[in-house]
Amino acid sequence: MKIVTWNVNSVRARLPRLTPWLEDVRPDVVCLQETKVVDELFPREPFEELGYNLVISGQKSYNGVAILSREPIENPVYGFPDDDEDAQKRVIGGVVGDVVFLNLYVPNGSTVGSDKYEFKLDWLERLHRFLSDEYDIGEKIVVTGDFNITFDDRDVHDPERWHEKILCSTLEREALGKVMDLGFIDALRKHHEEPGIYTWWDLRGGSFWKDHGLRIDHFLMSPAALEACSSVTVDRDQRKGKGPSDHAPVVAVLD
DNA sequence: ATGGTGGGTTCCCCA
């Protein structure tokens, strides 16, 4: 089973690049973030024509998540249990075969100490509670998406410049660490210990060509899922050329 | 240290 996470920064704007890539790579499950469209306007047809089932949860202008899957998606999950009606659309999940998926768009947090930063930390606590209450770490679980957090300085092109900055600060790393303590493992690090593997580069200032990147898109796997995971790779080519997202897709294979 | 780009909608927000 080939699994993808990709923050596409608008599913409609990315279609010309997304659908040919799906035809080429042929993933089984695709977790998208920042779809930036309400459900009624989501472009379902191009994906259904490629043979995908969809679950979507979007809103106007911001956020939005979706899962595409060749096999049916059972037991869909939309948001946190304690979300209210106007909650930001950042969580979608479901079960494909014997694999439990949760696809997340973690809040960015803006700047350390801001209201948005506090919202991010609170949101991560709610994520922890949700996973702790409603998921069984003994199953094959894949929690993936745009976490907007680097695990450590290996994930940062210039750790001094980013020291205690947003996406790299101690409190958000600790909040993610608490989630990991439920028994999840950073799947990419099973296969790659070296620094310098990134998934996001700012669109501004030619960051990609300077390789000024961060690794903020992750696959958190339960032990049973990790056992089956034979590779995790970043498709940097999708950050190249005309009209890229600021994120590259990350591809994991479960045997 | 700053500003740079891009998407979606609005006369500016968010990343």
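Atoms considered below: every heavy atom in the structure, side chains included; atoms not considered: hydrogens, waters and symmetry mates. Each chain gets a letter, A, B and so on, in the order the sequences are listed, and its residues count up from 1.
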Note to self: Please give the distance between the P atoms of dC14(B) and dT10(B) as a whole number of Å.
What the structure shows: 13 Å

Check: Want to settle it: does Trp200(A) or Thr35(A) sit nearer the 5' end of DNA chain B, counting the closest nucleotide to each?
Finding: Thr35(A)

Next item on the list: For dT9(B) versus dA15(B), give the span between their C1' atoms, rounded off to a whole number of Å.
Entry: 15 Å

Next item on the list: Check the pair Glu193(A), Arg154(A) against salt bridge (Lys or Arg N to Asp or Glu O under 4.0 Å), reporting the backbone distance first and the verdict last.
Entry: CA-CA 9 Å; Glu193(A) 284 292 332; Arg154(A) 289 177 297 175; 2.8 Å; yes

Notebook entry, point to check: Base, sugar-phosphate, or nothing: which does Arg161(A) touch, judged by heavy atoms less than 4.0 Å apart?
Noted result: nothing

Check: Looking across every strand, which nucleic acid part, if any, lies under 4.0 Å from Phe208(A) by heavy atom: base, sugar-phosphate, or nothing?
Finding: nothing

Next item on the list: Go through DNA chain B in 5' to 3' direction and return only the first and the last nucleotide with some atom under 4.0 Å of chain A's heavy atoms.
Entry: dG4(B) to dA15(B)

Notebook entry, point to check: Between Ser110(A) and Val11(A), who's closer to the 5' end of DNA chain B by nearest nucleotide?
Noted result: Val11(A)

Next item on the list: Take the angle between the ring planes of Phe42(A) and Phe47(A) and call it parallel below 30°, perpendicular above 60°, tilted in between.
Entry: tilted

Notebook entry, point to check: Are Leu50(A) and Val251(A) linked, directly or through other ILVMFWY residues, by side chains that come within less than 4.5 angstrom of each other?
Noted result: yes

Check: Are the side chain of Arg90(A) and the backbone N or O of Tyr105(A) linked by a donor-acceptor pair below 3.5 Å?
Finding: yes

Checklist line | Parallel, tilted or perpendicular, as decided by the 30° and 60° cut-offs, for the rings of His247(A) and Trp200(A) | finding: tilted

Next item on the list: Name the nucleic acid region contacted by Lys242(A), choosing base, sugar-phosphate or nothing; use a 4.0 angstrom heavy-atom cut-off, strictly under.
Entry: nothing

Note to self: Classify the ring geometry of His218(A) against Phe147(A): parallel below 30°, tilted from 30° to 60°, perpendicular beyond 60°.
What the structure shows: tilted

